[in-house]
*Asks:* 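Sharing a structure with you now.
In what follows, every chain begins at residue 1, and chains take the letters A, B, ... in the order their sequences are listed.
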Number of protein chains: 2
Amino acid sequence: MEYTASPKPQLSSRANAFSIAALMSSGGSKEKEAAENTIKPLEQFVEKSSCPQPLAEPSLDSQADFGAGGGSPSSSSSLCTEPLIPTTPIIPSEEMAKIACSLETKELWDKFHELGTEMIITKSGRRMFPTIRVSFAGVDPEAKYIVLMDIVPVDNKRYRYAYHRSSWLVAGKADPPLPARLYVHPDSPFTGEQLLKQMVSFEKVKLTNNELDQHGHIILNSMHKYQPRVHIIKKKDHTASLLNLKSEEFRTFIFPETVFTAVTAYQNQLITKLKIDSNPFAKGFRDSSRLTDIERE
Amino acid sequence: MEYTASPKPQLSSRANAFSIAALMSSGGSKEKEAAENTIKPLEQFVEKSSCPQPLAEPSLDSQADFGAGGGSPSSSSSLCTEPLIPTTPIIPSEEMAKIACSLETKELWDKFHELGTEMIITKSGRRMFPTIRVSFAGVDPEAKYIVLMDIVPVDNKRYRYAYHRSSWLVAGKADPPLPARLYVHPDSPFTGEQLLKQMVSFEKVKLTNNELDQHGHIILNSMHKYQPRVHIIKKKDHTASLLNLKSEEFRTFIFPETVFTAVTAYQNQLITKLKIDSNPFAKGFRDSSRLTDIERE
DNA sequence: AGATTGACACCTAGGTGATAAATT
DNA sequence: AATTTATCACCTAGGTGTCAATCT
């Protein structure tokens with residue numbers, strides 16, 4: 001007598017893995033099933049870049065700190081010694097060059113980055129914490145934009161954590177690359193007007209270590225280091241496909257303070273503590289509430 | 001130290017009240033603030049129809065039962081003696097005329113309809129139960145469609161419930177009409193392909209009695225009888241506005257078994273019982289679980 | 001007297017890290 | 001020995017009807 005199920009499937013979220021063609025033709029993000037068969041990493045049509053064979057060049061992308069907020073950039077990137085993803089030398093159009101993107105949650109990201117951010121990955125998918133939240137400036141209020149995210153390897157290494165030293169060590173060469181996935185923000189396409197007044201939050205993106213994931217989650221290798229990236233694409237009126245997307249039509253933003261190591265269980269106890277203290281869903285593990293656990297017995 | 005708030009507002013849902021112009025120009029449903037000032041009932045540009053001055057003509061709309069499911073239509077409409085909203089004589093294009101819409105949750109709606117469906121309305125907004133869920137057939141897989149819903153008065157009366165007789169009585173003339181609102185399905189625009197394989201569920205629509213509601217909920221008068229309607233609009237490639245929308249470009253579907261009376265508290269106890277037994281969120285009030293309440297003491 | 005409101009207990013739904021067991 | 005998995009208690013977030021208090 002309980003009515004929850006439904007004869008036809010209902011896509012609850014519009015955020016999924018996508019083929020590039022589907023991305024631009026529908027402007028949305030709902031081609032769940034079709035996408036699995038036609039996944040193409042962003043790099044493939046952007047330019048040959050870092051994803052499968054990351055370069056070791058430690059050159060900071062010029063766009064990376066562009067509008068990264070009013071905080072002190074030195075403090076957030078001071079410990080960031082690993083080579084960053086070199087964003088390929090894009091020649092944006094004058095119009096796209098005006099776009100700025102800032103990381104809204106920079107203060108919290110900085111705290112994690114100082115300790116060495118870790119993100120749990122699970123078979124069913126785990127959210128990121130902190131969440132990537134960005135604001136845009138310089139967009140055309142009348143235009144439409146697709147905002148998306150991906151996560152690319154920082155280097156070609158596999159890591160392990162030395163508990164006795166409380167530090168990360170290189171443990172060898174990276175595992176084979178996994179199918180790259182784009183997370184198109186489910187509210188895409190945005191109007192420029194919306195982007196100017198709203199923040200774009202990637203809170204619903206999920207990370208998994210399941211190579212066969214069917215949910216469109218981003219697939220990562222455990223014990224590898226990753227860099228999230230945010231992309232914005234200006235949507236042409238009815239270009240049927242993105243296959244012929246030109247480099248002037250999109251921008252990529254990288255925030256070095258969002259680098260993290262994918263793990264199946266937290267390694268650094270300080271990271272665990274900071275997660276518990278700052279993530280509302282982990283409130284049950286905070287010191288103050290754990291004292292009252294005894295009282296409940 | 002807890003990070004949940006954000007400097008800029010983030011629209012969590014894209015479903016809101018809309019101006020028609022905003023509806024078609026963006027194809028989305030996000031003009032939250034602007035919409036409050038430019039609300040126009042669908043009727044206003046569709047045709048002069050029922051909303052403020054409902055007709056008393058008990059003519060069943062020809063589209064109403066069109067594809068209303070495989071159930072027995074006689075049982076669901078047999079008790080439906082109140083005059084239905086006469087959908088104005090639309091002349092759809094050949095293409096739009098092919099579109100069929102069926103109510104997926106018809107069996108449950110029938111059960112409620114036999115008792116006289118009631119829907120709670122609150123200041124903060126209350127979901128409908130059952131939920132309106134529809135499937136479409138005959139759409140062009142390559143086209144894009146906006147799917148929306150509204151709720152119009154069934155008649156010009158105000159009702160009251162006679163407890164001793166367990167029946168509804170006419171209590172006078174209807175209260176002044178409230179600002180009409182459209183609920184654009186948050187996944188709009190849909191591709192025809194999506195509509196053919198997915199169901200469209202209006203589970204997130206909320207009803208309120210707050211005339212000053214700022215959340216885009218549908219505003220209703222308590223103790224009045226209403227008819228939900230589902231509309232589908234074929235989106236032209238980049239028609240900037242819907243102001244010049246022609247009747248051939250959309251279709252309206254009405255399911256008589258979804259008529260309900262808006263209430264601030266349930267009147268018919270049989271309705272209360274059926275809600276408790278069929279809505280998962282009311283499981284705590286079911287007979288079986290209420291027996292175990294005693295055990296918990 | 002009828003209708004409305006707000007606090008409440010009880011759910012669904014799902015995001016946390018802890019933990020022990022399983023895997024490699 | 002290191003890593004991964006499944007289960008769990010404990011949260012957030014929010015959808016239910018109930019009930020007593022309030023409004024009109």
*Asks:* Check for me whether the distance between the ring centres of A:H185 and A:F190 falls short of 6.0 Å.
*Replies:*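 A:H185 vs A:F190: aromatic centres under 6.0 Å.
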
*Asks:* Rounded to whole angstroms, how far apart are CD on A:Q267 and P on C:dA18?
*Replies:* 12 Å

*Asks:* What's the CD-C1' distance between A:E118 and D:dT4, to the nearest Å?
*Replies:*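 So the two atoms are 15 Å apart, to the nearest Å.
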
*Asks:* Side-chain N or O of B:R286 less than 4.0 angstrom from OP1 or OP2 on C:dC10?
*Replies:* no

*Asks:* Between C:dA3 atom C1' and B:H224 atom NE2, what is the distance in whole Å?
*Replies:*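 Taking atom C1' of C:dA3 as the reference, NE2 of B:H224 is at 13 Å.
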
*Asks:* For the pair A:D213 and A:K123, evaluate salt bridge (Lys or Arg N to Asp or Glu O under 4.0 Å) and give the outcome as yes or no after the intermediate values.
*Replies:* CA-CA 8 Å; A:D213 173 79; A:K123 195 173 167 185; over 6 Å; no

*Asks:* Just how far, in rounded Å, is C1' of C:dT4 from CG of B:L220?
*Replies:*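 Interatomic distance, CG of B:L220 to C1' of C:dT4: 16 Å.
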
*Asks:* How many Å lie between OH on B:Y163 and C1' on C:dA1, as a whole number?
*Replies:*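 Result: 11 Å.
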
*Asks:* Salt-bridged, B:K106 to B:E257, with N to O below 4.0 Å?
*Replies:* yes

*Asks:* In whole Å, I'd like the distance from the CG atom of A:L270 to the P atom of C:dG17.
*Replies:* 15 Å

*Asks:* Choosing from D:dT16, C:dG17, C:dT4, which nucleotide comes nearest the side chain of B:S222?
*Replies:* C:dT4

*Asks:* Counting only side-chain N and O atoms of A:K283, is one of them less than 4.0 Å from OP1 or OP2 of D:dT12?
*Replies:*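 Yes, A:K283 has a side-chain N/O under 4.0 Å of OP1/OP2 on D:dT12.
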
*Asks:* Does A:R160 reach a base, just sugar-phosphate, or nothing at all? Heavy atoms under 4.0 Å.
*Replies:* sugar-phosphate

*Asks:* Starting the side chain at C-beta, find the nucleotide from C:dT16, C:dG17, D:dG17 nearest to B:I276.
*Replies:*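 So the nucleotide nearest the side chain must be D:dG17.
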
*Asks:* Who are the side chain to side chain donor-acceptor pair (under 3.5 Å) partners of B:R160, not counting sequence neighbours?
*Replies:*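 Per chain and number, B:R160 pairs via side chain to side chain donor-acceptor pair (under 3.5 Å) with no residue.
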
*Asks:* Compare the minimum distances between each of C:dA3, D:dG15, D:dG17 and the side chain of B:F285, then state the nucleotide with the smallest one.
*Replies:*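 Between C:dA3, D:dG15, D:dG17, the one nearest the side chain of B:F285 would be D:dG17.
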
*Asks:* Can you measure A:M223 atom CE to D:dT4 atom C1' for me and round it to whole angstrom units?
*Replies:*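 The answer, rounded to whole Å, is 11 Å.
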
*Asks:* Whole-Å distance between D:dG17 P and B:L274 CG?
*Replies:*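 It is 11 Å, rounded to the nearest whole Å.
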
*Asks:* Using a strict cut-off of less than 4.0 Å between a Lys/Arg side-chain nitrogen and an Asp/Glu carboxylate oxygen, indicate whether B:R158 and B:D175 qualify as a salt bridge.
*Replies:*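 Salt bridge between B:R158 and B:D175, a charged N being under 4.0 Å from a carboxylate O: yes.
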
*Asks:* Please tell me if A:R127 has a side-chain N or O lying less than 4.0 Å from either OP1 or OP2 of C:dG14.
*Replies:*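 No, no such contact exists.
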
*Asks:* Can you tell me which nucleotide in D:dT3, D:dT18, C:dC11 comes closest to the side chain of B:F281?
*Replies:*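 Selected nucleotide: C:dC11.
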
*Asks:* Under the side chain to side chain donor-acceptor pair (under 3.5 Å) rule, collect the residues that match up with B:T117, sequence neighbours excluded.
*Replies:* none

*Asks:* Which comes earlier along DNA chain C counting from the 5' end, the contact point of A:K206 or that of B:V263, where each point is its nearest nucleotide?
*Replies:* B:V263

*Asks:* Which class fits the ring pair A:Y161 and A:W168: parallel under 30°, tilted 30 to 60°, perpendicular over 60°?
*Replies:* perpendicular

*Asks:* Give a yes/no on whether any side-chain N or O of B:K273 is located under 4.0 angstrom from OP1 or OP2 of D:dG17.
*Replies:* no

*Asks:* Detail all sub-3.5 Å separations between protein N/O atoms and N/O atoms belonging to nucleotides 5-7 of chain C.
*Replies:*
residue: C:dT5; atom: OP2; partner: B:N209; partner atom: ND2; Å: 2.7

*Asks:* Which one, C:dT16, C:dA3, D:dT4, comes nearest to the side chain of B:R158?
*Replies:*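 So the nucleotide nearest the side chain must be C:dA3.
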
*Asks:* With rounding to the nearest 0.5 Å, note down the distance linking CG in A:L115 to CD in A:Q269.
*Replies:* 12.5 Å

